[in-house]
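Order of appearance sets the numbers: ligands from 1, and atoms from 1 within every ligand. Positions are given from 1, in the same order as the sequence printed here.
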Amino acid sequence: MNDTDTIHPPATDPASPIITMDQVVKRFGEATVLDHLDFQVAKGEKVTIIGPSGSGKSTVLRILMTLETINEGMIYVGGQPLWHEIQNGQPVPAGEAHLRAMRKQMGMVFQQFNLFPHMTVLRNITESPIHVLGLSKDKATRRARKYLELVGMTEHAEKFPSQLSGGQQQRVAIARALAMHPSIMLFDEPTSALDPELVGEVLTVIKRLSEEHDLTMLLVTHEMEFARQFSDRVCFFDKGVIVEQGPPEEIFTEPKVERTREFLKNVVPAQP
Ligand SMILES: Nc1ncnc2c1ncn2[C@@H]1O[C@H](COP(=O)(O)OP(=O)(O)OP(=O)(O)O)[C@@H](O)[C@H]1O
């Protein structure tokens, strides 16, 4: 059933999912990119999304970040409808103020870092905490330095993005997202634009975050070995639905569905 007419917000007890996608449909023109997708993520869970090119992986993250709209279905983040507001008990399309408030719960790291080129590293990180969260310059700077330390970039605070390697820029982008204190971090192929020798430093930071912080993390990646180490759950997407999901040891060693096996055969090197 498509649930746009009635609404059943999930209970807000801690055990309920922090993200619920309920029968979500996303179309670009004639193409159906998400096809009645059901997807839930528990608070604190580390979930990796894998799948062939064009299967809708990035679209899921972009919809959660409110960068793309949905055509049908309901999404709840932290128990609140993401794309809808409730009026007279009915869901209606959300206004900009609601979307802005919901967006604050999430931080996103993109393939192409997306740092502001004309700002120093420090200003890249303090900008939103000052202008969106209303922090004082001092407080935002202290917060920025804390996250720069976490990503190992303290000594680069006064540099501009063009003076940094891709791996360093991506670590700054992670610090920038964290400085907004999101409860959910979305990583969209964070290493795929990097030279191979720079991938490790970014994955190390993401791994450390996953181990030391109580964040809910969603990662789209083609780095299967990393997915194996990082994830509580791996979801294999194909043609806009989850074909198979489970703990990494299950998905990578004994996938049950033929399409998952075919995909993994082509992307995971055979074990010696
Ligand atoms: N803004 C857009 N306008 C039109 N089509 C789009 C748009 N964004 C994505 N698509 C199409 O939607 C489909 C899913 O895209 P998406 O980026 O989610 O795939 P993906 O699984 O992340 O792929 P990849 O691994 O190649 O990044 C693709 O066919 C893509 O061409």
Pair up each side-chain donor or acceptor in residues 193-201 with any protein partner under 3.5 Å, not counting sequence neighbours, and list the distances.
unit_1, atom_1, unit_2, atom_2, d
Glu201, OE2, Gln168, N, 3.4
Glu201, OE2, Arg171, NE, 3.1
Glu201, OE2, Arg171, NH2, 3.0

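- Side-chain contact between Glu225 and Phe230: absent, with no pair of heavy atoms (C-beta onward) separated by less than 4.5 Å.
- Pocket lining of ligand 1, defined as residues with a non-hydrogen atom under 4.0 Å away: Phe28, Val33, Pro52, Ser53, Gly54, Ser55, Gly56, Lys57, Ser58, Thr59, Glu68, Glu189, His222.
- Counting heavy atoms from C-beta outward, Lys137 and Thr126 have side chains that stay 4.5 Å or more apart.
- The closest side-chain heavy-atom distance from Thr69 to Lys26 is below 4.5 Å.
- Counting only residues at least two apart or in different chains, ring-ring contact (aromatic ring centres under 6.0 Å, His included) contacts with residues 151-177 are absent.
- The ring-ring contact (aromatic ring centres under 6.0 Å, His included) analysis of residues 176-211, with sequence neighbours excluded, yields the pairs Tyr147-His181.
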